[in-house]
Amino acid sequence: MLTLDENDKVLMNPVEEMKLLRQSEHVVYRDHVISGSSLTEIEADLIEVKVVFDLTKTSAERVGLKLRGTGHEETVITYSIADQKLMLDCSKSGKKTDGVRRAALNAEGLLTLHVFLDRSSIEMFANEGQVTMSSRIYLMQGNAVYKVSHFVTGIGACKHRHTGII
């Protein structure tokens, strides 16, 4: 769904009808501090992940999500705090060429990632549609077990306000 913010910048967010596909909701973390990484496993063909990172009191260099299939397959979303760059890396999800996307994003203290993942694609909406990225993914096996890992790199920890897997 396309909208305009107060500065007439185009924002892109998921359409409301996506909510009709939800079958259950799991709040994995609420007001949790992470240092290093944290892993959650879920068995599903389709997953929706919403995570909010509080960047106001962190000395971390990067924060993000790793969405893993089987074996060495993974799709990684990384936000570089100092560079204010968001990256979607699908190079280990069957997209060795043209598998990395990057965009500038001034997170202004909070980074919200809203991710939809199915058997062959990923769609990511950051900070209420300020940045959106999508890609095809080509997983080797049709296994419907996804592992969602939150990570912080560099020295320090980051407060993690909320993660919901739907």
Side-chain angles (χ1 to χ4, degrees), residues 1-19 21-22 25-34 37-40 42 46-69 74-93 95 98-118 120-137 146-154 156-166:
M1 177 172 65
L2 297 176
T3 57
L4 295 175
D5 70 4
E6 64 275 355
N7 297 319
D8 292 330
K9 180 181 178 189
V10 176
L11 304 176
M12 181 183 237
N13 281 291
V15 294
E16 289 294 316
E17 288 80 5
M18 293 294 288
K19 292 178 182 176
L21 298 174
R22 293 179 180 163
E25 180 175 358
H26 308 279
V27 175
V28 179
Y29 298 111
R30 190 178 304 276
D31 294 325
H32 180 75
V33 176
I34 57 171
S37 65
S38 171
L39 180 68
T40 302
I42 186 164
L46 313 165
I47 63 170
E48 176 185 356
V49 179
K50 188 155 188 184
V51 60
V52 179
F53 290 100
D54 185 345
L55 306 176
T56 58
K57 296 177 183 172
T58 185
S59 56
E61 296 170 6
R62 287 180 289 283
V63 298
L65 291 174
K66 285 186 183 180
L67 304 158
R68 299 180 182 170
E74 67 181 12
T75 304
V76 183
I77 301 168
T78 306
Y79 181 69
S80 172
I81 297 168
D83 298 334
Q84 296 183 333
K85 299 270 190 234
L86 188 64
M87 180 177 69
L88 173 63
D89 183 351
C90 300
S91 62
K92 292 183 181 176
S93 297
K95 265 202 102 159
D98 190 34
V100 179
R101 290 158 177 46
R102 292 179 179 86
L105 174 65
N106 182 356
E108 297 181 15
L110 287 179
L111 174 65
T112 301
L113 299 174
H114 195 172
V115 181
F116 294 88
L117 184 69
D118 66 18
S120 65
S121 66
I122 183 169
E123 290 190 67
M124 189 265 311
F125 303 85
N127 282 21
E128 307 306 322
Q130 290 180 21
V131 171
T132 60
M133 296 183 197
S134 62
S135 181
R136 298 280 300 171
I137 54 175
Y146 286 109
K147 297 174 184 164
V148 179
S149 176
H150 311 79
F151 66 86
V152 174
T153 61
C158 182
K159 187 171 183 185
H160 189 233
R161 287 194 174 179
H162 176 81
T163 295
I165 299 176
I166 302 165

Backbone of [Y] reached by a side-chain donor or acceptor of [X] within 3.5 Å:
| X | Y | value |
| --- | --- | --- |
| Tyr79 | Ala107 | yes |
| Asn13 | Glu128 | yes |
| Asp54 | Leu110 | no |
| Asn7 | Lys9 | no |

Could you report the tightest heavy-atom contact between [X] and [Y], atom names first, then the distance?
| X | Y | result |
| --- | --- | --- |
| Phe116 | Pro14 | CE1-CG, 3.4 Å |
| Thr75 | Ser93 | OG1-OG, 2.6 Å |
| Ser121 | Ile137 | N-CG1, 3.5 Å |
| Arg101 | Ser134 | NE-O, 3.0 Å |
| Met124 | Leu113 | SD-CD2, 3.9 Å |

Show the numbers, then the answer: is there a side chain to side chain contact (heavy atoms under 4.5 Å, CB included) between Arg136 and Ser120? CA-CA 6 Å; Arg136 298 280 300 171; Ser120 65; 3.3 Å; yes
Measure the shortest side-chain to side-chain distance between [X] and [Y] over non-hydrogen atoms and say whether it is less than 4.5 angstrom.
| X | Y | result |
| --- | --- | --- |
| Val51 | Val115 | no |
| Val10 | Leu4 | yes |
| Leu11 | Phe125 | no |

Spacing of Leu88 atom CG and Ile77 atom CD1 [to the nearest 0.5 Å]: 5.5 Å
Does either side chain, that of His114 or that of Glu123, offer a donor lying less than 3.5 Å from an acceptor on the other one? no
Got more than 12 heavy atoms from elsewhere within 6.0 Å of CE, Met87? yes
